[in-house]
Amino acid sequence: MSGNKLSKRLRVCADMVSRGCRIADIGTDHAYLPIFLAKNNLISRAIASDINIGPLKIAKKNIYNNGLEGIIEARTSAGLKNIDEDEVDEIVIAGMGGNLISEILNECKFKNRFDKKFILQPMTCEYDLRLYLCSNGYFIEDEKAVCCKNKVYTVMMVKYVGRNYTFSEPYYYIGRILKNYSVDAKLYIEKQIRDLKNKKSGSIHLMDYDSEKKYDFIIYTLENIIRGKCCNDSETNI
């Protein structure tokens, strides 16, 4: 892998990392993200961790081949269990389901530290992850949609603030995507609308009219955003 190449999905994660910080890349797979950051002099240290031995062996080989053993350490860890709070400033958890990301955060020894930053990139269950964050003292400071290999994802920059938040239902489907409204954000919202329409159809089939009404409201709200009626980062009001 070239030190200057990264998938669009991981590149958005990389762009959210603070320059010169120490990172942990959880579920690193082949360590592409920390290698990119280190080769471009964007971080001072990194822990590339994975629970699976096979991918971690490949990560170690990639780190060695790029001459980065002095900057990146490959480490076996289930989530953040084998990482100490004084080793890292920022934590990247990318490429796994939103529910698993929530579990990793919930089991983190330093989950309530105000000085840590989490960069989260769920592959699925974004709604559940946003609900967890809002209910456990975290705030999504930034969020950006990205299209990669014909799929659309979201990347969140999150910090613990010690305060829970309650938003209207549409928020949990699109979070702070409106902060960086773009073609990719539009595609992300359209994907959410399609999924909601499928849920609405299921509710109609089950004669669950309360859920049908709820989904109608969310779909209507998101479709208005697509039409340009609410594209002004007023996400706390949706």
Side-chain angles (χ1 to χ4, degrees), residues 1-97 100-101 104-105 107-111 113-123 129 138 140-149 151 153-160 180 184:
M1 185 200 72
S2 167
N4 293 316
K5 291 184 178 179
L6 209 59
S7 72
K8 286 181 66 179
R9 176 177 61 87
L10 290 180
R11 184 58 191 261
V12 173
C13 295
D15 288 343
M16 289 190 177
V17 172
S18 301
R19 302 306 177 244
C21 74
R22 303 166 301 165
I23 72 159
D25 182 29
I26 308 303
T28 194
D29 196 27
H30 296 167
Y32 292 151
L33 177 64
I35 288 171
F36 171 86
L37 292 167
K39 284 194 73 88
N40 288 282
N41 299 312
L42 299 173
I43 54 172
S44 57
R45 301 265 316 165
I47 298 170
S49 79
D50 208 291
I51 193 173
N52 297 308
I53 301 300
L56 203 61
K57 287 178 69 174
I58 298 174
K60 289 179 179 179
K61 182 179 178 181
N62 289 337
I63 293 165
Y64 174 81
N65 288 342
N66 281 278
L68 295 170
E69 307 98 304
I71 298 176
I72 305 172
E73 175 193 348
R75 183 184 302 181
T76 304
S77 180
L80 285 152
K81 290 183 178 178
N82 291 339
I83 296 170
D84 294 328
E85 60 186 282
D86 60 355
E87 293 184 288
V88 295
D89 307 304
E90 302 183 2
I91 299 94
V92 180
I93 311 176
M96 59 188 78
L100 180 54
I101 293 175
I104 290 171
L105 288 175
E107 294 173 358
C108 176
K109 300 183 292 288
F110 49 91
K111 62 184 177 182
R113 285 280 300 266
F114 292 94
D115 60 336
K116 304 298 181 185
K117 186 169 86 176
F118 297 88
I119 296 163
L120 312 177
Q121 189 276 298
M123 303 295 276
L129 177 57
Y138 294 91
I140 301 173
E141 293 193 338
D142 199 6
E143 186 166 2
K144 188 172 184 179
V146 56
C147 288
C148 183
K149 296 182 180 178
K151 293 186 178 179
Y153 304 99
T154 180
V155 183
M156 309 173 189
M157 181 193 298
V158 174
K159 294 198 78 171
Y160 180 77
N180 296 290
D184 287 358

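On a predicted model such as this, the values are computed, not experimentally measured, just so you know. Throughout, numbering of the chain's residues begins at 1 and tracks the sequence.
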From Y160 OH over to C108 SG, what is the distance, rounded to the nearest 0.5 angstrom? 12.0 Å
About how many Å separate CG of L100 and CG of L105, when rounded to the nearest 0.5 Å? 10.0 Å
Residue pair E141, M16: steps toward the side chain to side chain contact (heavy atoms under 4.5 Å, CB included) verdict: CA-CA 11 Å; E141 293 193 338; M16 289 190 177; over 6 Å; no
One should read off an interatomic distance between C21 SG and E90 CD, to the nearest 0.5 angstrom, of 3.5 Å
Which pair of heavy atoms, one from T28 and one from D50, lies closest together, and at what distance? N-OD2, 3.4 Å
Interatomic distance, OG@S18 vs CD1@I23, rounded to 0.5 Å, equals 11.0 Å
Does the plane of the ring in F110 sit parallel, tilted or perpendicular to the ring in F118? Use 30° and 60° as the thresholds. parallel
I58 side chain near H30 side chain, heavy-atom distance below 4.5 Å: yes
Any S77 side-chain heavy atom under 4.5 Å of I26 side chain: no
Nearest heavy-atom pair of V88 and K116: which atoms, and what distance? O-NZ, 2.5 Å
Got a donor-acceptor contact below 3.5 angstrom from the R45 side chain to the G20 backbone? no
Between K109 and I83 (side chain of the first, backbone of the second, donor and acceptor by atom type, cut-off under 3.5 Å), is there such a pair? yes
Min side-chain heavy-atom separation P122-M156 under 4.5 Å: yes
Between the main-chain N or O of G95 and the side-chain N or O of Q121, is there a donor-acceptor pair closer than 3.5 Å? yes
Y32 side chain to N62 main-chain N or O, any donor-acceptor pair under 3.5 Å? no
Among I119, L10, L33, the one residue meeting side-chain contact (heavy atoms from CB on, under 4.5 Å) with D25: L33
Nearest 0.5 Å, what's the CZ-CD1 distance between F36 and I43? 10.5 Å
E69 and Y64: CA distance, side-chain angles, deciding distance, side chain to side chain contact (heavy atoms under 4.5 Å, CB included) verdict: CA-CA 6 Å; E69 307 98 304; Y64 174 81; 2.9 Å; yes
Of all the heavy-atom pairs spanning K60 and A74, show the shortest one and how long it is. CG-CB, 3.4 Å
Step-by-step side chain to side chain contact (heavy atoms under 4.5 Å, CB included) determination, I63 to E73: CA-CA 8 Å; I63 293 165; E73 175 193 348; over 6 Å; no
Nearest-0.5 Å distance that lies between atom CG in L120 and atom CD1 in I140: 8.5 Å
Taking all atoms of both residues into account, what is the closest heavy-atom pair of V17 and L37, and its distance? CG2-CD1, 4.1 Å
Shortest non-hydrogen contact from D29 to A59? O-CB, 3.6 Å
In short, G27 meets M96 closest at the heavy-atom pair CA-CE, 4.1 Å
Return yes if some donor-acceptor pair links the side-chain N/O of N180 with the main-chain N/O of E143 below 3.5 Å, else return no. yes
Find out whether R75 and E87 are in side-chain contact, i.e. whether some heavy atom of one side chain is under 4.5 Å from a heavy atom of the other. yes
Report yes if some heavy atom in the side chain of D184 is under 4.5 Å from a heavy atom in the side chain of K8; otherwise report no. yes
